[in-house]
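So you know, we letter chains A, B, ... as the sequences are listed, proteins then strands, and number each from 1.
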Amino acid sequence: MDRVFYITTPIYYVNARPHLGHAYTTIVADVASRYQRMQGRETFFLTGTDEHGDKIVEAARAEGMSPKSYVDKISAEFRRLWPELNISNDAFIRTTDAAHIAVVERVLQKIYDAGDIYFSEYEGLYCFGCERFYVPRELVDGKCPDHQKAPERIKESNYFFRMSRYQDWLIDHIRKYPDFIRPERYRNEVLAFLRDPLEDLCISRPKSRLQWGITLPFDSNYVTYVWFDALLNYVSALGYPEGPRFRKFWPYAQHVVAKDILKPHGIYWPIMLKAAGIPVYRHLNVHGYWNVDRTKMSKSIGNVVEPLDLKNIYGLDAFRFFLMRDMAFGLDSSFSEKALVERLNADLANDLGNLFSRVLAMLHRYFKGRVPESDPAMCDEFGKTLCAGARQTIAHYAQHMETMAFHSALAAVWEYIGEMNRYVDYMMPWELAKSPSKEGQLAAVLCSLLEGLRVVSGLIYPVMPATAATMQRHLGLDAGKPFYRLSTLESWGCLPAGTLLPKAVSLFPRIDIKQKKRTPPSARAQEETRKAEIDLEAFGRVDLRVATVTHAEAIPKAKKLLKLQVDCDGPRTIVAGIAKDYAPQNLVGRQVVIVANLKPVKLMGILSQGMLLAVGDDKGLALIHPDREVAAGASIR
RNA sequence: GGCGAUGUAGCUCAGUCGGUUAGAGCAUGCGGCUCAUAUCCGCAGUGUCCGGGGUUCGAAUCCCUGCAUCGCCA
């Protein structure tokens, strides 16, 4: 089995702002790479932006900006979005990066030297308004449809990539590796394309028409066009040809793309790799489109809702779950707020959330919240169905996750959640609790349920990392260990007896469809805690600063307090009540925001010189931190 | 215009390269339980498998054709 995994999203073209499609592709890659980490594989996850070409020049001009400052701006929007979606990418590449440009030049030269790039003149109908060639069929009454003007016949010379030479090789390769392109429908589509002779690919633009691109290393009058520039990001980001990452990760490369760019990735790219003497990727994973049904979108938050905004209303994990569960990978799907809410209520609130809640509530009611001591024979007798079910579920889940069939993997998990709900009804713990002689059985039943929930918490981790972590905390699992490792999940009976578990939480609040959406939950909470108005001067008296945590330790006998050393215009000590939500070792190196001029107070005998800013909700506390690393001591304005 | 895909329950979709009475979830109706987030469990349905031909003992599945929707290419 491979120990290494490399996955990419396409690099997104920055002539438009990020939308649902970008988010879906990127979440798919994120889920896949988190799953691979569960398997203990070393993973590398790449995304980025594609920044050259005439459409960028146009879009920049429309906004009155230079191409460079325009692409900087839009690229930053993508980069900012991914943390909001909890994307765990390891790198973010831009095609305007110097290292990328160097790789493109190098590969072009290599293929040119090998004789697979040639220079050729052709004649065509060119519209100077559109700055492009037309074929006769595209014209309306012989005129350009945009400019109502007859295009001129001009001659132009360009460089072409001799793809035709590799056509038979590619057909053989696809036949030899049936899951090279998957799902199968897209493999068939590519093979259908390849039934006709492949035309050579025009890979250049004269600088008289386009300057915003990478100059050809063998002809400074031309820039390279689109695919040679864009596709090579997948190897340049790894440091091709000599970089250690390239050597380690490239042999295991998988790409995720939407079906609109099947042809470049399924045909041009493997041929480019072959021509450049680079091994081809392992898998191309192709997904369908989300058709956005705006008639089923609420308009309550002031304007027409963008699908991406719904993550703020219903929660990121629910949003990620919906995208992964509702689309059969590879097929088109329709997106609506209604469908999202139905999924959230049925699968998350009712099935999983309520199960979690009822099991923990019973543990508190019958065993004062402590994981009971249970007799192994009893556990085996009364819990073996859940144990066997878990093993089977993990097997099905893994099988589907490996092939990107996320919808099936999640369906398998929810089948098991249903099994657990039926188990509760069948065992009727509330009846067992009535007779003291049945306490052993009751303990075995609840232990089995807790084990089942532990397994579920791990299996949902790739899709819903935050919820998985909440479940983990409430099951009393060691926060320091990666509870989601598949090898750990498989061993049954590893929750230590005697552990005191926190009270039940509502993992997913049910959305009341009748009165939903009037006010987002967060806004409602804000209203309740709204304070009296203050003026700017009053606010200005609070000295908010960024500090970097240099040292953190628990304070003996204090449940909630941690002692932190921070760097903020020099070292200082802060006592913070965050021990329930943050382990000391996870804090060192992090940046936080503190109230720097708060009057020092002694807590547990330690002088605290400031206060950390954090927000709290039913899932616990979350620290406030700057969007990127800034100088320690920087003041907030 | 060429190539390709899709069309299945009220809704969203599965359906393993032809094989019993076509399935799931949601929504709907009825019943049960009380540990739980008005949750959970059980039962009940409903179908011109887009239309029309054809191949076959047998077609949602294969072939032809028409319609609708979508994508890619030119």
Enumerate donor-acceptor pairs with a distance under 3.5 Å from any side-chain N or O in residues 363-375 of chain A to protein atoms, sequence neighbours excluded.
residue	atom	partner	partner atom	Å
His364(A)	NE2	Leu501(A)	O	3.0
His364(A)	NE2	Pro502(A)	O	3.1
Arg370(A)	NH1	Gly498(A)	O	2.9

Subject >> Partners passing side-chain hydrogen bond (donor to acceptor under 3.5 Å, both in side chains) against Thr26(A) (at least two apart in sequence or in another chain) >> reply: Tyr12(A)
Going by atom type alone, with no hydrogens or angles, which donor-acceptor pairs under 3.5 Å involve a side-chain atom of residues 184-196 of chain A and a protein atom two or more places apart or on another chain?
residue	atom	partner	partner atom	Å
Tyr186(A)	OH	Gly330(A)	O	2.5
Arg187(A)	NE	Pro178(A)	O	3.3
Arg187(A)	NH2	Ile174(A)	O	3.3

Between the protein and nucleotides 5-8 of chain B, which nitrogen or oxygen pairs are less than 3.5 angstrom apart?
residue	atom	partner	partner atom	Å
U6(B)	OP1	Arg185(A)	NH2	3.3

**OP:** Quick one: list whatever passes side-chain hydrogen bond (donor to acceptor under 3.5 Å, both in side chains) with Ser333(A), sequence neighbours left out.
**Re:** none
Subject >> Nucleotide of C35(B), U12(B), G25(B) approaching Ser334(A) most closely (side-chain heavy atoms) >> reply: U12(B)
Original post:
For nucleotides 37-46 of chain B, read 5' to 3', which letter fits each nucleotide if B means a protein heavy atom sits under 4.0 Å from the base, S means only the sugar-phosphate is that close, and - means neither?
Top reply: B-SBSS----
Subject >> Partners meeting side-chain hydrogen bond (donor to acceptor under 3.5 Å, both in side chains) with Asp332(A) (sequence neighbours left out) >> reply: Lys259(A)
**OP:** Provide the Watson-Crick or G-U wobble partner of G47(B), both distances under 3.5 Å; none if there is no partner.
**Re:** none
**OP:** Residues of residues 167-174 of chain A with any non-hydrogen atom less than 4.0 angstrom from an atom of RNA chain B: list those, numerically ordered, please.
**Re:** none
Subject >> Partners passing salt bridge (Lys or Arg N to Asp or Glu O under 4.0 Å) against Lys311(A) (at least two apart in sequence or in another chain) >> reply: Glu84(A)
Original post:
If you check the Lys259(A) side chain, which of U34(B), C35(B), G71(B) turns out closest?
Top reply: G71(B)
Original post:
With both distances kept under 3.5 Å, what pairs with G19(B), Watson-Crick or G-U wobble?
Top reply: C57(B)
Original post:
Where do Lys176(A) and Asp172(A) land on the salt bridge (charged side-chain N to carboxylate O under 4.0 Å, His left out) test, with the steps shown first?
Top reply: CA-CA 6 Å; Lys176(A) 191 169 165 194; Asp172(A) 287 347; over 6 Å; no
**OP:** Pull out every residue in residues 439-449 of chain A that has a heavy atom closer than 4.0 Å to any atom of RNA chain B, ordered by number, or say none.
**Re:** none
**OP:** Name all pairs fulfilling the salt bridge (Lys or Arg N to Asp or Glu O under 4.0 Å) condition that reach into residues 406-434 of chain A, sequence neighbours left out, sorted by first residue then second.
**Re:** Arg358(A)-Asp425(A), Glu415(A)-Arg422(A), Glu431(A)-Lys434(A)
Original post:
What residues, two or more places apart in sequence or in another chain, satisfy side-chain hydrogen bond (donor to acceptor under 3.5 Å, both in side chains) together with Tyr234(A)?
Top reply: His265(A)
